[in-house]
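Below is one structure, written out as structure tokens; the observations come after it.
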Amino acid sequence: MKKFLLILSFSIGIYASAQEELKKDSVVVDTVRYWSVLGKNNLMINQAAFSNWVGGGANNVGWLAGVNYNITYEKDNDLWENIIVLDYGQNDTKGLEVRKTQDVINLSTNYGRKFSKSWYFSLGVGLQSQFAAGYEDGNNPAAKKISNFMAPGYLNLGMGITYRPDDNLTVTLRPTNARWTFVLDKDLQLAGSYGLKNDGDTSLLQFGFLATALYKVKLMENVHITNTASIFSNYLDHPERLVLAYGAVLNFKVNKFISSNVTVDLLYDHNQIQKTQLKQTLGIGFAYTLNNGVKRSERKDSQWWIKK
């Protein structure tokens, strides 16, 4: 009986030790994911009311909703990054009715195959447009319409190289890039509008060089800024007329569900208007961030599966 109890105790000890080791290994494996999802969902509301206010003012209420997702696949030498940015907002001011304040559709996917440390051969597609019509006089529906859904819409398809040392910096250079401008609203299909050659044309094809960059910076605790920039030059017609775009989002995180952000967008496109375009927004409201775990590229021991 004593021998049986001794053997039983020894077996239980080995089983418990094995389970503990398995549990440790499972924790390590669970923290490394080939697919990762980082998503930000926000809803911001602003309001002002006046009654017998000598200083004057108009009652108004506004809202802004948006999603910003980065869905990435990383395994061995493969890197596939997908970005979804959708924003829409309106403001209702007494006497002026409802006007939109934000309207963005930005979708992109980029696949890369590593050939050197932080360098990838890459192929990507991007689409930019808006949800609703825009008007010349501050989005006043009674004014002249100047834009609409897929009017313009921009589709980029190209290949080149991508430099991505970490999740905070991505630079892509595409010496071969096709850029389609779509104008699917019949009212806007006039020669000269968005570069269209003839009345009734629905699209314009350009071929040239595209460079894009994304850079994220942590300024201090719970304060981050995300910078994006792009340059396009059309080889086929006036390559000196660069399409330049820059965007910055300054985010102040109050807590898990409340944040504030400031956005600034600059754009110069000779085919749209021969002036620099500027857009700025400020908002505070509800925000929720989805993060499904640590990606391999974020681990210091990122080669753990080889060294083990």
Side-chain angles (χ1 to χ4, degrees), residues 31-42 44 64 66-74 78-87 102 104-112 114 117-120 122 124-128 156 160-174 210-231 244-267 278-300 302:
T31 61
V32 180
R33 308 182 181 220
Y34 297 136
W35 282 102
S36 65
V37 179
L38 176 61
K40 296 181 180 180
N41 311 275
N42 62 75
M44 298 185 178
L64 171 65
V67 296
N68 188 327
Y69 275 73
N70 185 304
I71 304 171
T72 304
Y73 176 82
E74 286 183 87
D78 295 316
L79 172 65
W80 183 21
E81 189 167 24
N82 305 276
I83 296 175
I84 302 171
V85 179
L86 304 173
D87 289 309
Q102 183 78 306
V104 175
I105 299 175
N106 193 336
L107 311 173
S108 66
T109 182
N110 193 68
Y111 169 76
K114 183 184 291 186
K117 183 179 180 181
S118 303
W119 289 93
Y120 301 80
S122 62
V125 180
L127 173 68
Q128 297 87 37
N156 284 284
I161 57 173
T162 295
Y163 175 66
R164 190 175 184 274
D166 54 52
D167 292 336
N168 294 321
L169 177 63
T170 303
V171 178
T172 298
L173 306 175
R174 294 181 188 163
L210 176 67
T212 63
L214 179 147
Y215 183 45
K216 302 176 183 177
V217 181
K218 179 180 179 181
L219 300 179
M220 60 185 71
E221 192 65 29
N222 294 326
V223 180
H224 299 80
I225 184 170
T226 300
N227 302 276
T228 57
S230 68
I231 301 174
L244 306 172
Y246 169 77
V249 179
L250 181 62
N251 184 266
F252 303 86
K253 184 177 179 181
V254 179
N255 57 39
K256 185 176 181 180
F257 298 106
I258 298 177
S259 69
S260 176
N261 63 52
V262 178
T263 70
V264 176
D265 290 282
L266 292 170
L267 173 65
L278 169 66
K279 180 179 67 177
Q280 183 272 324
T281 66
L282 167 64
I284 183 169
F286 301 99
Y288 178 73
T289 299
L290 172 66
N291 193 336
N292 77 332
V294 177
K295 291 191 289 186
R296 179 187 301 171
S297 63
E298 295 173 332
R299 294 174 57 89
K300 292 181 180 179
S302 60

What I'd like to find out is whether the side chain of [X] reaches to under 4.5 Å of the side chain of [Y], using heavy atoms alone.
| X | Y | answer |
| --- | --- | --- |
| Val249 | Ile225 | no |
| Leu278 | Val264 | yes |
| Leu290 | Tyr69 | yes |

Assess the residue pair Val104 and Lys279 against the criterion (side chain to side chain contact (heavy atoms under 4.5 Å, CB included)); give the C-alpha distance rounded to whole Å, side-chain angles, the decisive distance to 0.1 Å, and a yes or no.
CA-CA 12 Å; Val104 175; Lys279 180 179 67 177; 3.8 Å; yes
Quick check against the 3.5 Å criterion: does Asn82 have a side-chain atom that pairs as donor or acceptor with the backbone of Ile71?
yes
So, does Ser108 use its side chain to make a donor-acceptor pair with the main chain of Val125 at under 3.5 Å?
no
Applying side chain to side chain donor-acceptor pair (under 3.5 Å), run through Ser230 and Thr212 and close with a yes or a no.
CA-CA 4 Å; Ser230 68; Thr212 63; over 6 Å; no
How long is the span from the [atom1] atom in [X] to the [atom2] atom in [Y], to the nearest 0.5 Å?
| X | Y | atom1 | atom2 | result |
| --- | --- | --- | --- | --- |
| Tyr34 | Thr72 | OH | OG1 | 15.5 Å |
| Glu81 | Leu214 | CD | CG | 7.5 Å |
| Ile84 | Leu127 | CD1 | CG | 12.0 Å |
| Leu79 | Ser118 | CG | OG | 10.5 Å |
| Asn68 | Leu38 | CG | CG | 8.0 Å |

Please lay out, stage by stage, how Asn110 and Arg174 fare under the test side chain to side chain donor-acceptor pair (under 3.5 Å).
CA-CA 12 Å; Asn110 193 68; Arg174 294 181 188 163; 3.2 Å; yes
Where is the tightest heavy-atom contact between [X] and [Y], given as atom of each residue plus distance?
| X | Y | answer |
| --- | --- | --- |
| Gly66 | Asp87 | CA-OD1, 3.2 Å |
| Gly283 | Met44 | C-SD, 3.3 Å |
| Lys256 | Tyr288 | CE-CE1, 4.1 Å |
| Tyr120 | Lys114 | CD2-N, 3.3 Å |
| Ile83 | Asn70 | CG1-ND2, 4.0 Å |

Walk me through it: do Leu219 and Leu250 pass the test side chain to side chain contact (heavy atoms under 4.5 Å, CB included)?
CA-CA 10 Å; Leu219 300 179; Leu250 181 62; 3.7 Å; yes
Criterion side chain to side chain contact (heavy atoms under 4.5 Å, CB included) on Asn42 and Ser259, from CA distance to verdict:
CA-CA 9 Å; Asn42 62 75; Ser259 69; 5.6 Å; no
With sequence neighbours excluded, tell me which residues meet salt bridge (Lys or Arg N to Asp or Glu O under 4.0 Å) with Lys218.
Glu221
Please enumerate all residues that pass salt bridge (Lys or Arg N to Asp or Glu O under 4.0 Å) together with Asp265, with sequence neighbours excluded.
none
Side chain to side chain contact (heavy atoms under 4.5 Å, CB included) between Asp78 and Trp80, worked out
CA-CA 7 Å; Asp78 295 316; Trp80 183 21; over 6 Å; no
Test item: side-chain donor near acceptor, Thr263 and Asn261, under 3.5 Å:
no
Go through the structure and list residues passing side-chain contact (heavy atoms from CB on, under 4.5 Å) with Leu169, not counting sequence neighbours.
Tyr163, Pro165, Asp166, Val171, Tyr215
Taking the inter-plane angle between the rings of Tyr73 and Trp35 on a 0 to 90° scale, is it parallel (under 30°), tilted (30 to 60°) or perpendicular (over 60°)?
tilted
